[in-house]
Visitor: 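Got a structure here, written out as structure tokens. Questions coming.
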Protein chains: 2
Amino acid sequence: MTDSITNRDLPLGVEVRHLAALEAIALTSSFSQAAVLLGYAQSAVSQQIATLERAVGHKLVERPGGPRPVSLTSAGEVLLRHATHITARLGAAKADLDALAAGDAGALRVGTFQSASARLLPPTLSRFRDNWPRITVELRNERRSADLEELVRAGQLDLAFTDTGLFAAPLKGAELIVDPYVVMLPPNDPLAEADELDLGRLDGVRMISGSADDTCEARVFSAIERAGVRPQTIFRSDDNLTTQRLVASGMGIAIVPLLAVELFVPDAAVTVLPLAPNQRLSRSIGIVWHEDRYHSRAAEAFVETAIDVAGGIGLPHIPVITSRQRSVLV
Amino acid sequence: MTDSITNRDLPLGVEVRHLAALEAIALTSSFSQAAVLLGYAQSAVSQQIATLERAVGHKLVERPGGPRPVSLTSAGEVLLRHATHITARLGAAKADLDALAAGDAGALRVGTFQSASARLLPPTLSRFRDNWPRITVELRNERRSADLEELVRAGQLDLAFTDTGLFAAPLKGAELIVDPYVVMLPPNDPLAEADELDLGRLDGVRMISGSADDTCEARVFSAIERAGVRPQTIFRSDDNLTTQRLVASGMGIAIVPLLAVELFVPDAAVTVLPLAPNQRLSRSIGIVWHEDRYHSRAAEAFVETAIDVAGGIGLPHIPVITSRQRSVLV
DNA sequence: AGCTCGGGATCAGTATCGCTGATCTCTATT
DNA sequence: AATAGAGATCAGCGATACTGATCCCGAGCT
């Protein structure tokens, strides 16, 4: 370590409230609005920024004068990036200390994405509630699992489900389940005759895909590419059940993680096939948290419960079952 | 976003200097020593902590009374983790603003690890110096590339070479070169007869390995495991050249990245063989930086130079050359 | 042009805050 | 018991971070 003590004293006089002021200004593009946001008089904010600018030795805010909105200079932008992280971190610290104080009560902020919510979350939640009745679980749904990780990193979430499969610092995590990709077909599709699907047969086939920026979609796309075929995407859908309904109505096929398939929805009956053995594709669903943050006993218990539930879903079963009696529909 | 504005005002009155005080106490286990460290009187620190404790509503420091050293409570530990990151972040902000001000002068803190330093760094450095003479490059060597990434994350380094091959947030990076693993053999070793080495032949063979906690070593180990053999590690060495000398003196063989091999050291002549085609193993060497930090033009240029140099090293060549005239020694 | 208005800077004044230095208290040591 | 070392406490002062009033400036209106 080059030694953080000797160079820590350098940011002489920079204090949290200055950074908060900078953020408020960035947000509102106005000193006076920033002031009301922070509960100060306008002159206070004006002086705070002046002090901050003196402290760091840079002009941070561009004041065009007159009624025009103010903006950050490039130095201001640079500092702002750090400021947001610092205040976020402080918020996280507060949350941690609250959680510590709350003990077995308090809140647990959990992030989920669609297909985790569908199958994994309800049983986890209900079992968790039985054992930790005084914990309020606050759920937050995001479309992309990467966004959830970002929220955990920023301290806005205590736990998040993820399907990226990697727990790089500052994230720690546990793997819950390996979820194989399967093909959803209209029940009477000719491709449904086989016991499995070879991606090579998808040339020109009509497909319902996920959003282009989805990790799932990326995985599927690269697998298809690897197989050297070009199906045609006739529709993109964010929503698993929508996709399934589209498939059920015969519009095309879809390749989705098994957990995303709703087997028992009457009007969305589809046939599910595994992929050919040498083309097997899967995602690993896990749960992550921030290594630096206080991991309450409740959070710990939530993770344990999730692991337990995931084990109970019995991944070994499902693909076997589905591939046998491969047309599963009500 | 749940909105960082509404809950930002919660850490009422917590300021940077309080966190700095907490850190100093954690470091010294003493109020008075913390005070001299920070340049305050002892009473000041005492009051700062008191204020901080009042602000967060937790006892943070355990004062056993008398001459016994103080320690942090669990709440103190929790807060400390955040505090270190916050102050580190502030330091990074300072460094960024300095770099911004310095323009084409100033410092660039670059992290390296052994085998990157050996081959990639010198030409990069010399070319960089030609174009950016006023930039001081501060080098820092770490044994493990993961540690370097940690330093970049903490803002202690502006750039770092890496061999983990992944640029997960908050790190961004560029790939420089793919470095294949090769076998180093004593020149007269019977295994050196072949044009390549099949890991399957390593059962019981004496090996010089790397440290057990090294990523390189982990990769090699798992490849060997996959091949289903059990060589015997007779020695572990951190130092590439030491390893090579040990091999040269006939003590055993070693599997190392090609860039780690010193081809022209007189008293360390070894034979180098590629691995069998289906057992090819490589690492990807890249260079990383922090996505939130100010990426100066100099840093940008350094990356470009490194990419350029890496391209010039001509990875295509070397393995071919070595496998042909496979005994390379002076 | 001149006027007006919105928004930031400035300034005086004050209440607060944060530091120092001296003193007090406590506990382990002798 | 006396001592020494370490933190808490307190008075006091100097710095500072607010408020509120005022000034200043540029854009847009008439």
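To find a chain, count down the sequence lines: A is the first, B the second, and so on, and within it residues start at 1. Values below: every heavy atom of this structure, side chains too, minus hydrogens, waters and symmetry copies.
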Visitor: Please check the phosphate of C:dT10 (OP1 and OP2 only) for any side-chain N or O of A:Ser46 closer than 4.0 Å.
Guide: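 Result: no.
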Visitor: Does this structure show an ion pair linking B:Arg143 with B:Asp238, if we count only N-O contacts that are shorter than 4.0 Å?
Guide: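 Between B:Asp238 and B:Arg143 there is a salt bridge, with a charged N closer than 4.0 Å to a carboxylate O.
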Visitor: Which residue is it: B:His18, B:His58, B:Gln47? I am looking for the one with a side chain to side chain contact (heavy atoms under 4.5 Å, CB included) to B:Leu52.
Guide: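 Only match with B:Leu52 under side chain to side chain contact (heavy atoms under 4.5 Å, CB included): B:His18.
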Visitor: Heavy atoms only, 4.0 Å cut-off, all strands: where does A:Ala41 land among base, sugar-phosphate and nothing?
Guide: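 Since only primed, P, OP1 and OP2 atoms lie under 4.0 Å of A:Ala41, the category is sugar-phosphate.
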Visitor: Angle class for the A:Phe161/A:Phe302 ring planes (parallel below 30°, perpendicular above 60°, tilted otherwise)?
Guide: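 Perpendicular, since the angle between the ring planes exceeds 60°.
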Visitor: Can you give me the closest heavy-atom contact between B:Arg81 and A:Glu291, atom names plus distance?
Guide: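 The answer is NE-O, 4.4 Å.
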Visitor: Answer with base, sugar-phosphate or nothing: what part of the nucleic acid does B:Thr51 contact at a heavy-atom distance below 4.0 Å?
Guide: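 Since no nucleic acid heavy atom lies under 4.0 Å of B:Thr51, the category is nothing.
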Visitor: 5'-most contact on DNA chain C: B:Pro67 or A:Ser43, nearest heavy atom basis?
Guide: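 Counting from the 5' end, the first nearest nucleotide belongs to A:Ser43.
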Visitor: If you look at every heavy atom in B:Gly155 and B:Arg293, which pair is closest and at what distance?
Guide: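 Nearest heavy atoms, B:Gly155 then B:Arg293: O-NH1, 3.4 Å.
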Visitor: Looking at A:Glu300 and A:Lys172, does any basic side-chain N land under 4.0 Å from a carboxylate oxygen?
Guide: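 Result for this pair is no, no salt bridge flagged.
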Visitor: Quick one: does B:Gln47 reach the base of C:dT20 with a side-chain donor-acceptor pair under 3.5 Å?
Guide: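 By the distance-only test, yes, there is a pair.
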Visitor: Using only side-chain N and O atoms of A:Arg63, determine if any of them is under 4.0 Å from OP1 or OP2 of C:dA9.
Guide: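 Answer yes for this pair, as a side-chain N or O of A:Arg63 is under 4.0 Å from OP1 or OP2.
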Visitor: Would you grab the first and last nucleotide of DNA chain D (5' to 3') that comes under 4.0 Å of any non-hydrogen atom in chain B?
Guide: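 Answer, 5' to 3': D:dG5 to D:dC10.
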Visitor: Pick base, sugar-phosphate or nothing for B:Gln42, based on heavy-atom distances below 4.0 Å to the nucleic acid.
Guide: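 Here B:Gln42 touches the bases of the nucleic acid.
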